[in-house]
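These notes are about the structure you will find just below.
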Protein chains: 2
Amino acid sequence: MTEVFELETFLPYRLNRAAEFVALRFAAQYKARYQLTRPEWRTLAALGSSERPMTATEIGAHSSMHKTKVSRAVFGLEQRRWLKREEDGRDRRVEHLALTPAGKQAYRELTGLASRYQAELLSMLGAENVEALSNGLQAVERAMRKAGASGSAALT
Amino acid sequence: MTEVFELETFLPYRLNRAAEFVALRFAAQYKARYQLTRPEWRTLAALGSSERPMTATEIGAHSSMHKTKVSRAVFGLEQRRWLKREEDGRDRRVEHLALTPAGKQAYRELTGLASRYQAELLSMLGAENVEALSNGLQAVERAMRKAGASGSAALT
DNA sequence: AATCAATAGTTACGCTTGCAACTAATATGC
DNA sequence: GCATATTAGTTGCAAGCGTAACTATTGATT
């Protein structure tokens with residue numbers, strides 16, 4: 001039984017490579033046009049989709065980012081004047097973060113890009129493949145929630 | 001039509017998060033036991049599965065790694081005495097890399113870990129979900145080959 | 001009320017990364 | 001045969017990263 005291990009068949013490797021490929025093609029767009037980092041884009045997306053202001057902690061939970069990443073992304077967006085901080089009257093540790101008009105405008109443009117990219121992926125991969133991929137990812141997402149706070153080093 | 005963009009439904013985001021989750025759980029194992037980095041593990045896996053020695057360039061192509069990553073990983077494995085370099089008689093730019101006996105031993109142990117982890121994933125996610133995921137990934141892999149040398153910044 | 005624990009967010013530090021520039025060797029065009 | 005381009009692999013550098021430590025504030029225990 002000389003079972004040879006092949007990297008090509010190893011799920012973590014395949015997932016990683018696919019994620020890199022898919023994410024990089026999109027990242028290239030917002031990096032080129034807006035000089036935005038990925039944490040900044042995610043923060044923008046989180047804030048833009050929310051009715052009310054969010055705290056940094058909420059952003060981290062919503063977009064699966066470590067708090068230091070969020071902190072730096074918030075700082076970056078603040079410098080661009082795409083978001084503003086508002087203090088909480090009751091708890092002075094907390095900051096309520098909301099997009100400025102310029103931030104909302106950027107959000108609209110970037111989510112436009114994102115939607116177009118999503119559509120491009122769909123036609124590139126085929127609807128039934130995207131469906132399968134999505135179902136598979138859903139299973140991983142369930143597993144993540146189950147492993148939850150315990151396992152993820154990404155959110156420590 | 002106030003179509004709200006939701007990060008949760010954005011494929012690049014979902015792929016990235018799932019890949020991080022799945023890869024990190026495995027990386028924790030080889031980091032803890034062998035203090036191995038991911039590029040080192042990938043290099044080891046590439047070399048171990050090959051009959052004959054490989055060049056650094058071949059390793060990069062086989063395991064989707066930038067040449068600087070490969071260069072550093074090779075250096076690391078060399079220091080551990082898990083691999084040896086052999087010069088090419090005809091072309092002195094090229095190095096032929098092969099695992100030492102200690103390297104082969106490590107390869108066996110680590111691929112054992114990997115296989116067990118793969119099995120754990122299968123039971124964790126369910127066979128039919130892994131099947132779906134795998135099919136979806138295959139579509140991405142086809143797209144990668146098609147976009148090929150042109151698109152990938154990861155292999156520049 | 002005083003202490004100790006927990007939480008929100010920031011920062012210092014060392015490590016990893018990718019890009020670009022580099023060295024060395026070989027291949028190509030004229 | 002000489003100049004130029006290309007290829008293999010390495011390295012300097014700046015940027016991004018996570019860990020741990022930190023400040024500031026609030027909550028819990030007694």
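All of these numbers come straight from a predicted model, not from anything done at the bench. Sequence lines set the chain letters: A, B, ... in the order given, protein chains first and strands last, and positions in each chain run from 1.
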Notebook entry, point to check: Between A/Val70 and A/Arg93, which has a closest nucleotide on DNA chain C that is more 5'?
Noted result: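 Nearer the 5' end of the strand: A/Arg93.
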
Check: Taking atom types as they are modelled, is there a donor-acceptor pair under 3.5 Å from the base of D/dT25 to the side chain of A/Arg92?
Finding: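 No pair found.
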
Notebook entry, point to check: Do the side chain of B/Arg72 and the base of C/dG18 come within less than 3.5 angstrom through a donor-acceptor pair of N or O atoms?
Noted result: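 Such a pair exists between side chain and base.
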
Is the shortest side-chain N/O distance from [X] to OP1 or OP2 of [N] below 4.0 Å?
{"X": "B/Arg85", "N": "D/dT10", "result": "yes"}
{"X": "A/Thr68", "N": "C/dT10", "result": "no"}
{"X": "A/Ser71", "N": "C/dT10", "result": "yes"}
{"X": "B/Lys67", "N": "D/dT10", "result": "no"}

When the distance from [atom1] of [X] to [atom2] of [N] is rounded to whole Å, what number comes out?
{"X": "A/Phe75", "N": "C/dT10", "atom1": "CZ", "atom2": "P", "answer": "10 Å"}
{"X": "B/Met54", "N": "D/dA8", "atom1": "CE", "atom2": "C1'", "answer": "15 Å"}
{"X": "B/Gln35", "N": "C/dC15", "atom1": "CD", "atom2": "C1'", "answer": "15 Å"}
{"X": "B/His66", "N": "D/dG16", "atom1": "NE2", "atom2": "P", "answer": "17 Å"}
{"X": "A/Glu86", "N": "C/dG9", "atom1": "CD", "atom2": "P", "answer": "14 Å"}
{"X": "B/Asp91", "N": "C/dA27", "atom1": "CG", "atom2": "C1'", "answer": "10 Å"}
{"X": "A/Glu95", "N": "D/dT23", "atom1": "CD", "atom2": "P", "answer": "18 Å"}
{"X": "B/Arg38", "N": "C/dT17", "atom1": "CZ", "atom2": "P", "answer": "8 Å"}

Side-chain ion pair, [X] and [Y], N-O less than 4.0 Å:
{"X": "B/Glu120", "Y": "B/Arg25", "value": "yes"}
{"X": "B/Arg93", "Y": "B/Asp91", "value": "yes"}
{"X": "B/Arg17", "Y": "B/Glu8", "value": "yes"}

Notebook entry, point to check: If you look at every strand shown and take non-hydrogen atoms under 4.0 Å, does A/Arg90 touch a base, only sugar-phosphate, or nothing?
Noted result: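 Since only primed, P, OP1 and OP2 atoms lie under 4.0 Å of A/Arg90, the category is sugar-phosphate.
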
Margin query: Can you tell me if A/Glu87 has over 12 outside heavy atoms packed within less than 6.0 Å of its CD?
Written below: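 Counting neighbours around CD of A/Glu87, 12 or fewer heavy atoms of other residues, nucleotides or ligands fall under 6.0 Å, so no.
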
Among the candidates [options], find the nucleotide nearest to the side-chain atoms of [X].
{"X": "B/Thr37", "options": "C/dC19, C/dT16, D/dG9", "value": "C/dT16"}
{"X": "B/Lys69", "options": "C/dT26, C/dG18, C/dA6", "value": "C/dG18"}
{"X": "B/Thr55", "options": "D/dT25, D/dG9, C/dG9", "value": "D/dG9"}

Check: Is the shortest heavy-atom distance from the side chain of B/Leu83 to the side chain of B/Glu78 under 4.5 Å?
Finding: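 Yes, side chains in contact.
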
